[in-house]
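Here the structure is laid out as structure tokens; the discussion comes afterwards.
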Amino acid sequence: MIALRWMTALLITLMIAFTSNSVLAQENNQALHSAPDEELLEIRALFDSESEVMGRFIQTKKIHNFQFPIISSGSFEIINNDHLKWIVEQPIQSTIIINESGLHIATQKDSTAATSRENEARPQTSIITAIVRALLSMDTPTLSEHFSIKVINPAPKWQLELTPKNTVVANTIRKIALTGEKSLGEITLEETRGDTTSIRFESGQEQP
Amino acid sequence: MRLPHNRMPHTPKNTLSKAIAILWLFTLAALVSNSIIVISDHYAFDSDILALLPEEETSADKSLVNKAIARLRDRELIVLVGSEQSENSIIAANEVQNLAQKSQLFESISGIQTQDDTKEAQAFYSPWNFNFISKQKKSRIQTQDESLVSEALGKLFGPAGGIGSTSFLRDPLGLYQDWQISLTKNQHLVIDNNWLTLLDSDITYRFLRLRLKKSSFAPAYQQQIMHFLESLSEQVDDDIYILPSGLIIHAAHGANQAKSEISTIGLGSLLGITIILFIVFRRVADIALVFLPLVLGSVFSFSLCLILFEKIHLITLAFGTSLIGIAIDYSLHYLCAQREHHARDTLQRIFPGLLLALISSVTAYIAQAITPFPGLRQMAVFAALGLIGAWLSVIILLPLIGPPKVQKHSKDHMQSIAQTVEHIASTWAQARTGQAKYFLWIIGLLLLLGASQIQIDDNLKSLQTSPQHLIDNDIRIGRLLKSESIGNYFLVRSADEQTLLENEERLVDRLEQAKHRGLIQGYRATSEFIPSIRTQRENYTLLQEQVYTDNGLLDEMFEATGMQQLTATLKRTFTESSFTPLSFDVWKRSSIAKQLDSLWIGRIGKHDYSMVSLIGSIDEHTDEELSRIASAHEGISYINRPKSITKILEQYRESLFGLLIFAYALVTILLLLRYRTAAIDIIAPSFFATLVVLSYLALSSTALTVFHCLALLLVLGIGLDAAIFLKETQSSAYTWLAVSLSSITTFLAFGLLSLSQTPVLHFFGQTVAVGIVAIWFIVPLFCVHKDNNNAAS
């Protein structure tokens, strides 16, 4: 059930990483979060910590002004709460790893050696991973720094909506929707430029 | 020498004198009214210290460039509003922004970021996105680096990958996005809660940049700004830290210190002078008469300089008026001589002395006027004109006012003072006879030895007036913001905007290398944000030839995915947008350009200018490397402002010291014509007094600066006047009184400045104080009770 936490962490990480004016979260900022409401707490309670999670996903990306969706699928695994491996199997093979040191991309072709140099331009990487850790522990205050979290539907068939608070984030991301039951079912991210990314998780993949 | 008393018929002479006096006053009035007209028409004094550099061919442009730089750099006030409580810092920062807006003191205020600001900044470049590639990515495309493709694919198929402000269709490889990220590499501030924010241990700072409406050196504006900053601290809560930083704070502090010192020291000296003069003359009107020529002389000189020079430098005003100070001798000698003889022909009797005193002093100053240094020249002309004006006022106006109808006891009183002074002087003068003579020779030699030990110091830092806490504050802010060095930067010059950008790009390539070698922390250049059209075209062509061409990187990317429609759409998108350059003019109107406006100077004369600034502190070694980079490129110069100001001070000191020697030689020749060998007696007091000053400085481990040299000119003038008058009147008691009064008043007026905390004033005062005391003691040794044979006529 850690999947939700992971996915949210991932989304936030990427969002921050790809928003050109990087947004720095303050670890000591306890300020602007609203009191976590009961329903949110209830949903949070559905997730308990597991050391290893695996699953499969299907991602559908709709690009604005381009009629065909870009679909990819594969599997993912989370090890020790801080190491995400995102393995794309279709249409090409590619592995994305997110860990303490940031974001790494490796394709089958050039194996593990060719990791992305994305991090060079971003000295904030260590801070981003710090946020990831905060998110791993479902740190609602940190989440609330960047998003207003709204419970659309309460558990068991829950649905959350995250709207950016920060104008920089809001310039890129319109909103994020999360749905699920006993585990995270789907994440939908809407960008302001009109692109939409939906990631559907195949349930029952968790292994203790 | 004594001139025969030709008693001229009273009436015609009086009429003529009156006519001349009226003409003189009329001239002065005309000059003053002209000055008022000129000054009221927004006249601004020159305060750019670089304008004091020797003139070169390009000087007009150069000084404009310097002015533009000063305007860009000096008119900025950074305010950091911090608190341990993040939300409190936001509340306080909002309050500060509101107060700044309400105050209407600032040209612009940048604080809280609106959604439009960031959106505009992100979206601005998009229409031209194919023209922008970061250096790193560019070389990877050139080498056909395949990992570019795998990265792009990873982002496309990865979770929520490729989120950005530009459509994927326009930037499939993420090149444009990477370029945008590369622009933020020197950005140490982050946006948090819509504020540019800085985290320093426990404190969260919000960042405000205020652009000043007026110069940092405008006195009234300085006060308003300081008042505003004080009111900020009062209005926000106690737990809020307000850290302001900007030249204006230092300027205001320096001005305040100088002002309060000049007013306390000045008040003290004015009081002292008034009391002394009152004790001697016992008449308020006489005290006014002592100062009247000084005032008129200064007004005369100032008005003429306004006409003669395009711009009067503030330094000219400050030191020029000080040098005019020796004109007090003319009125003192006149008034003393008048008391001595109580006749209307005073002027005729002391005229040769007065004339000689004027000529010798003016000669000394004229020597300055032949230097290539505009500052010295202006100061020399100012001082010489001031002396002439004061002198004319003495000989034209004072005789008309005539001696007061003194009562017997008053005359006796003055006479007794004069005689006492003379007695002291002549008693002391005995020292040069008998055994003591050898002792004096030894002292003289020791002085020479002492003077030769003098240290020199032209470093700008020793003139620093700001207290440590202000400097610490600046260092702290500089460290927090990793801000650009204010004193060190590159100046780039080209015939037009595009070649200027190309020139900058060449420099940036070199700076990038320097950065990799760890020489500099970073740099900031306009061309990073608006590449030259040449570079834009290069980038576009690179995409055309390596990415979008058949079998290019794009085909390679989608080869395995089987997404032919996507490849086709991407290629079509590229080809449909043929190359259109982002022009400098369009860019300049954007909000991004506004944030960088402190780098772009623009067109001055026949060239366009810009600055490339450096981040972090620059050490000696780096300084040399950077100079080398600049000298290897046409149109690029490396500026180290503190160093060049130090250089100016050094050049001025050197040439002033040389001029001092030249002035001595010139005056000696002049005096030889009149006094033959006795000329030595006239010049000796000033000379030895100068030696005393230099020895004193050497002994007290004070290094010689340009300001000491300026004061030595004053010492020369006063010494000459004293010796000439004593010689001319055969050291009459009244002349002694005048000499003593002149010494005391000069000591009080300038010598007391040695108490000042402001280095420049302190140096000047120190020299004058020691010099004047020395002159008073040395003059008798050469000019009193000497063999009458020696006093040649």
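In the text below, chain A, chain B and the rest are named by the order of the sequence lines, each starting its count at 1.
Although no hydrogens or angles enter the test, the distance criterion places no donor-acceptor pair under 3.5 Å between the side chain of A:Asp195 and the main chain of A:Glu190.
Of all heavy-atom pairs between B:Leu175 and B:Asp171, the closest is N-OD1, 2.9 Å. Residue A:Lys62 comes nearest to A:Pro69 through the heavy atom pair CG-CB, 4.3 Å, listed as atom of the first residue, atom of the second, then distance.
At a heavy-atom cut-off of under 4.5 Å, chain A is reached by B:Gln565, B:Leu566, B:Thr569 from residues 565-576 of chain B, listed in order of number.
Note: B:Phe130 CZ to B:Ser577 OG = 4.0 Å, rounded to the nearest 0.5 Å.
Using the six-membered ring where Trp is involved, B:Trp179 and B:Tyr125 have ring planes that are perpendicular, over 60° apart on the 30 and 60° scheme.
A:Lys175 and A:Glu161 are joined by a salt bridge, as a carboxylate oxygen and a charged side-chain nitrogen come within less than 4.0 angstrom of each other.
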